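Right, one structure below, let's go through it.
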Amino acid sequence: MRVLTGIQASGALHIGNYFGSIKQMVELQNKNELFMFIADYHALTSLKDPKELKENTIDIAISYLSLGIDPKKCTMWVQSDVKEVLELYWILSAFTPMGLLERAHSYKDKVARGINANHALFSYPVLMAADILLYDINSVPVGKDQIQHVEITRDIAIKFNNLHGDIFTLPQFKVPENLASIPGIDGSKMSKSYKNTIDIFMSEKALKKQVGKIVTDSVSIEEPKEYKDCNVFALCKLFMNKDELEELKLRYLKGGEGHGHFKMSLKEKIWDYFEKPREKRAYYLENRDEVLDILDSGAKKARIIAKEKMIKIRDTVGIYR
Ligand code: ADP
Ligand code: TRP
């Protein structure tokens with residue numbers, strides 16, 4: 001089965017991204033033909049600083065490689081390295097009713113939040129459809145916010161296929177099973193946009209500071225503490241095994257320790273958990289050429305599929321050569 005995921009190059013990765021998505025990707029690459037690209041054209045809809053966009057693009061690649069994506073198993077490239085996707089985007093636009101895009105939640109939400117609407121933001125789902133349909137993808141693992149985009153992709157593909165026969169494979173969306181949302185330091189969903197993240201690759205000092213900011217009840221040191229709704233405990237669940245969690249529960253119930261102590265335990269756990277990825281990241285930061293080579297060879301593979309598909313699509317719609 002061919003599985004595709006696209007990642008926007010829009011900032012440092014946090015532990016919500018890791019447990020909500022990256023971890024599953026690393027598992028998926030063992031059993032599927034995994035395609036993964038860095039969506040720099042998409043990021044352009046919101047990111048306007050050129051240096052930052054370039055830096056983020058490489059940084060995302062380095063981070064994914066460090067966290068276990070294996071270039072031998074996964075085809076990994078940067079969206080803008082396969083220009084065919086823009087041609088398909090235009091062709092698909094001619095098969096996309098305005099109403100379909102007007103109904104898109106992500107566009108409506110962004111406008112409601114005061115983000116200036118531009119055409120790229122509006123037509124974003126058509127480019128996403130091109131990303132998917134260009135490579136005959138069977139399955140697209142996405143978070144809930146992206147389901148509608150895969151549905152739009154299917155709608156566009158169906159419209160096209162109805163007129164021209166079975167040109168496009170219809171993709172299924174797949175929402176990861178343990179999609180429980182990972183809480184941020186304020187208890188709401190961890191997200192870059194809420195500025196409540198704990199980033200995977202922060203320095204030890206910054207990590208300590210950020211964990212220190214996790215919102216907790218104010219209870220005196222002596223008193224027993226509630227672990228069930230505690231944000232620190234919720235995050236510990238991701239990093240501790242059963243025995244460690246039982247031990248932590250007892251520490252909460254016993255009293256005599258403040259939340260600061262539990263935060264220290266959490267910080268240690270997070271720091272240790274990402275030790276190997278940190279080492280790998282340091283290696284790739286020193287050896288950027290190796291990362292560029294990986295992206296080049298990924299783009300080469302993706303381009304072979306894209307070129308062949310576009311020949312068929314051009315002929316189908318009547319582009320004369
Ligand atoms: P952000 O909300 O920080 O902008 P993205 O929307 O870029 O994060 O998310 C990238 C991936 O990480 C998506 O697959 C999304 O479902 C997952 N993800 C992000 N935040 C969380 C979270 N708090 N809990 C679970 N999964 C998350
Ligand atoms: N829109 C996706 C996001 O913001 C990123 C993306 C672009 C994507 N093209 C894709 C995801 C194709 C899956 C398939 O997360």
Side-chain angles (χ1 to χ4, degrees), residues 2-26 28 34-47 56-57 59-60 63-64 67 75-80 82 85-86 88-89 92 104-107 109-110 113 115 120-121 123-154 156-157 169 171-200 231 234-235 237-238 302:
R2 200 175 268 179
V3 181
L4 172 80
T5 181
I7 306 121
Q8 279 214 49
S10 56
L13 294 170
H14 52 74
I15 61 180
N17 296 141
Y18 183 74
F19 289 100
S21 164
I22 302 168
K23 203 163 171 256
Q24 282 87 333
M25 292 303 145
V26 172
L28 274 174
L34 181 63
F35 283 21
M36 171 179 272
F37 71 94
I38 301 158
D40 57 343
Y41 283 143
H42 275 110
L44 202 52
T45 57
S46 53
L47 189 57
N56 282 353
T57 302
D59 196 74
I60 291 279
S63 298
Y64 271 77
L67 289 163
T75 306
M76 183 177 180
W77 74 98
V78 180
Q79 188 181 30
S80 59
V82 184
V85 78
L86 290 180
L88 182 56
Y89 159 71
L92 293 178
H105 304 306
S106 76
Y107 172 73
D109 290 351
K110 282 178 182 156
R113 277 197 276 131
I115 294 174
L121 194 63
S123 61
Y124 182 112
V126 188
L127 181 56
M128 184 154 161
D131 290 327
I132 299 169
L133 299 176
L134 188 55
Y135 303 104
D136 286 320
I137 298 301
N138 307 106
S139 169
V140 187
V142 285
K144 281 195 195 115
D145 58 321
Q146 297 293 321
I147 292 176
Q148 194 190 28
H149 288 154
V150 183
E151 284 170 347
I152 292 174
T153 301
R154 289 174 61 91
I156 297 172
T169 303
Q172 308 286 341
F173 60 81
K174 189 167 172 289
V175 181
E177 285 144 31
N178 55 343
L179 195 79
S181 102
I182 311 297
I185 57 170
D186 58 356
S188 65
K189 177 186 181 272
M190 186 177 289
S191 168
K192 283 190 288 287
S193 12
Y194 305 148
K195 301 204 175 355
N196 64 354
T197 62
I198 297 175
D199 295 344
I200 298 172
N231 293 326
L235 288 167
K237 281 195 215 158
L238 302 167

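Atoms within each ligand, like the ligands themselves, are counted from 1 in listed order. Quantities reported herein were computed from a predicted structural model and do not represent experimental measurements.
- Heavy atoms of Lys189 come nearer than 4.0 angstrom to ligand 1 in at least one pair.
- A 4.5 Å side-chain heavy-atom check between Thr75 and Leu34 finds every atom pair outside the cut-off.
- Of the polar atoms of Ser181, none of the N or O atoms is found under 3.5 Å from an N or O of ligand 1, judged by distance alone.
- Distances below 4.0 Å separate heavy atoms of Met190 from the following atoms of ligand 1: 20 (N), 21 (C), 22 (C), 23 (N).
- Applying the salt bridge (charged side-chain N to carboxylate O under 4.0 Å, His left out) rule to Asp136 yields the partners Lys309; only residues at least two apart in sequence or on another chain are considered.
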Which N or O atoms of ligand 2 sit under 3.5 Å from a protein N or O, and how far apart is each pair?
unit_1: ligand 2; atom_1: 1 (N); unit_2: Tyr124; atom_2: OH; d: 2.7
unit_1: ligand 2; atom_1: 1 (N); unit_2: Gln146; atom_2: OE1; d: 2.9
unit_1: ligand 2; atom_1: 4 (O); unit_2: Gln8; atom_2: NE2; d: 3.2
unit_1: ligand 2; atom_1: 4 (O); unit_2: Tyr124; atom_2: OH; d: 3.1
unit_1: ligand 2; atom_1: 4 (O); unit_2: Gln146; atom_2: NE2; d: 3.3
unit_1: ligand 2; atom_1: 9 (N); unit_2: Asp131; atom_2: OD2; d: 2.8

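- Closest heavy-atom approach to atom 23 (N) of ligand 1 within the set Asp145, Asn17, Ile182, Ile22: this belongs to Ile182.
- Here is the list of ligand 1 atoms found below 4.0 Å of a heavy atom in Lys192: 1 (P), 3 (O), 4 (O), 7 (O), 8 (O).
- Atom 1 (P) of ligand 1 has its nearest heavy-atom neighbour, among Gly20, Ser191, Ser188, in Ser191.
- Those atoms of ligand 1 that come under 4.0 Å of a heavy atom in Ser21, given as number and element, are 11 (C), 12 (O), 14 (O).
- Within the structure, ligand 1 lacks Gln146 among the residues with a heavy atom less than 4.0 angstrom away.
- Taking the six-membered ring for Trp and the full ring otherwise, the centers of Tyr64 and Trp77 sit at least 6.0 Å from each other.
- Inter-residue side-chain proximity for Pro125 and Ile156 is flagged as unmet; no heavy-atom pair is nearer than 4.5 Å.
- Aromatic ring centroids of Phe173 and His149 lie 6.0 Å or more apart.
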CA sep, side-chain torsions, deciding dist, call: Ser80, Asp40, side-chain hydrogen bond (donor to acceptor under 3.5 Å, both in side chains): CA-CA 7 Å; Ser80 59; Asp40 57 343; 2.6 Å; yes

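- Taken from CG in Asn138 to NZ in Lys174, the straight-line distance is 13.0 Å, to the nearest 0.5 Å.
- Partners of Asp199 under the salt bridge (charged side-chain N to carboxylate O under 4.0 Å, His left out) rule, at least two apart in sequence or in another chain, do not exist in this structure.
- Taking the six-membered ring for Trp and thresholds of 30 and 60 degrees, Phe35 and Tyr135 have ring planes more than 60 degrees apart, a perpendicular arrangement.
- Under the side-chain contact (heavy atoms from CB on, under 4.5 Å) criterion, Ala130 pairs with Val85, Leu88, Tyr89, Leu92, sequence neighbours left out.
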